Amino acid sequence: MEKKVGAEIEELPKTIVRRVVKEKLSQCSRNQDISVNKDSLLAFCESARIFIHYLSATSNDICKESKRQTIKAEDVLKALEDMEFPELVRPLKASLNEFRSKNAGKKAAASRIKEAKKRKIEEEPTVEGTDGESKDDVENDNDDNDDGNDKDEDEDEVENGGSDD
């Protein structure tokens, strides 16, 4: 297996870049089917990689100025403005809001399911054995020293001439 180095490791998936480019081009020219040749795809991939590096570095600088170690979405938005791409801020904010609202709905549903399961476990009655012990108590008593023999430990000690201590 060939070992990847430098830019190959950081390379963006060409299929995804091709799909993004073709979707955008189809929006711009609805009447024509535009193809993307190999060299232009490589140029798109490399341009996107460089842009991501630059945006990451700028966002990181903004984060450090705020004396934090975790980059927030607001840092990326400010970085876009600092990099003189203010036209990207509004669409990115809209995408973030859409993502957050979808994610909030999923989190709320997951939380409701988790609570319902928790309530169900708490409400389950314990099954009683014939002598009034719960089923769990009986199982735990049987698991303590279950070696298949029905003798008590005391009987073992008497037969073996005392304890092993």
Side-chain angles (χ1 to χ4, degrees), residues 1-128 133-144:
M1 182 175 203
E2 188 178 319
K3 189 175 181 181
K4 292 186 175 186
V5 292
E8 288 181 13
I9 293 172
E10 298 174 347
E11 201 170 276
L12 295 173
K14 289 183 176 117
T15 55
I16 294 173
V17 173
R18 176 181 283 123
R19 186 180 329 131
V20 169
V21 170
K22 287 194 123 205
E23 283 175 12
K24 187 60 181 174
L25 292 176
S26 68
Q27 289 174 3
C28 294
S29 57
R30 296 184 191 273
N31 299 339
Q32 299 175 5
D33 184 32
I34 298 176
S35 61
V36 180
N37 74 17
K38 191 174 181 177
D39 289 340
S40 63
L41 180 62
L42 182 63
F44 279 119
C45 288
E46 187 63 15
S47 299
R49 187 185 68 80
I50 291 169
F51 180 78
I52 290 170
H53 278 266
Y54 184 40
L55 182 58
S56 300
T58 307
S59 300
N60 190 43
D61 290 344
I62 292 167
C63 179
K64 284 182 178 179
E65 287 173 6
S66 300
K67 295 181 173 74
R68 288 182 282 106
Q69 292 186 356
T70 303
I71 297 173
K72 296 182 177 182
E74 292 76 26
D75 299 328
V76 177
L77 294 169
K78 183 159 181 1
L80 285 170
E81 290 175 358
D82 289 356
M83 293 167 48
E84 298 181 11
F85 288 103
E87 66 276 6
L88 299 179
V89 173
R90 190 178 321 144
L92 180 56
K93 279 184 180 179
S95 294
L96 279 171
N97 289 335
E98 182 180 333
F99 173 79
R100 286 174 177 160
S101 64
K102 284 181 183 178
N103 203 28
K106 288 179 184 178
K107 281 184 179 180
S111 179
R112 284 192 300 270
I113 290 170
K114 188 176 179 180
E115 281 297 316
K117 286 181 181 178
K118 187 177 178 181
R119 272 187 257 118
K120 184 178 178 182
I121 290 171
E122 290 173 354
E123 292 173 358
E124 284 182 0
T126 57
V127 178
E128 296 282 328
E133 291 182 315
S134 73
K135 184 179 176 185
D136 291 337
D137 291 340
V138 172
E139 286 176 2
N140 289 338
D141 287 345
N142 290 338
D143 290 342
D144 288 342

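Because the structure is a prediction, the values reported are computed rather than measured.
Between Asp75 and Asn60, the closest side-chain pair of non-hydrogen atoms is not below 4.5 Å. Using a 4.5 Å heavy-atom threshold, the side chains of Lys78 and Glu74 count as separate.
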Anything under 3.5 Å between a donor and an acceptor, one on a side chain of residues 97-104, the other on a protein residue two or more places apart or in another chain? List them.
residue, atom, partner, partner atom, Å
Asn97, ND2, Lys93, O, 3.3
Glu98, OE2, Lys102, NZ, 3.4
Ser101, OG, Asn97, O, 3.3
Ser101, OG, Glu98, O, 2.9

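Ring to ring, Phe51 and Phe85 are close: their centroids are under 6.0 angstrom apart.
Listed here is the closest heavy atom pair of Cys63 and Ile71: SG-N, 3.9 Å.
Atom NZ of Lys117 sits about 14.0 Å away from atom CZ of Arg112, to the nearest 0.5 Å. Rounded to the nearest 0.5 angstrom, Glu87 CD and Glu81 CD are separated by 10.5 Å. To the nearest 0.5 Å, the span separating NZ on Lys24 from SG on Cys28 amounts to 5.0 Å. The distance from atom OG of Ser56 to atom CG of Asp61, rounded to the nearest 0.5 Å, is 11.0 Å. Of the inter-residue distances, the one linking Arg18 atom CZ with Ser35 atom OG reads 10.0 Å to the nearest 0.5 angstrom.
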Check against side-chain contact (heavy atoms from CB on, under 4.5 Å), Arg68 and Lys64: CA-CA 5 Å; Arg68 288 182 282 106; Lys64 284 182 178 179; over 6 Å; no
Trace of the side-chain contact (heavy atoms from CB on, under 4.5 Å) decision for Asp82 with Ile62: CA-CA 10 Å; Asp82 289 356; Ile62 292 167; 3.5 Å; yes
Pair Leu92-Leu88, side-chain contact (heavy atoms from CB on, under 4.5 Å): steps then yes or no: CA-CA 6 Å; Leu92 180 56; Leu88 299 179; 5.7 Å; no
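Residues Glu46 and Arg49 are paired through a salt bridge, judged by an N-O separation under 4.0 Å between the basic side chain and the carboxylate. Taking a cutoff of 4.0 Å between a charged side-chain nitrogen and a carboxylate oxygen, Lys14 and Glu11 qualify as a salt bridge.
A donor-acceptor contact closer than 3.5 angstrom links the side chains of Ser40 and Asn37.
When atom types are taken as modelled, the side chain of Thr58 and the backbone of Leu55 share no donor-acceptor pair closer than 3.5 angstrom.
A 6.0 Å sphere centred on CD of Gln27 holds more than 12 heavy atoms belonging to other residues, nucleotides or ligands. Enclosure of atom CD in Glu84 is not indicated, since only 12 or fewer non-hydrogen atoms of other residues, nucleotides or ligands lie within 6.0 angstrom.
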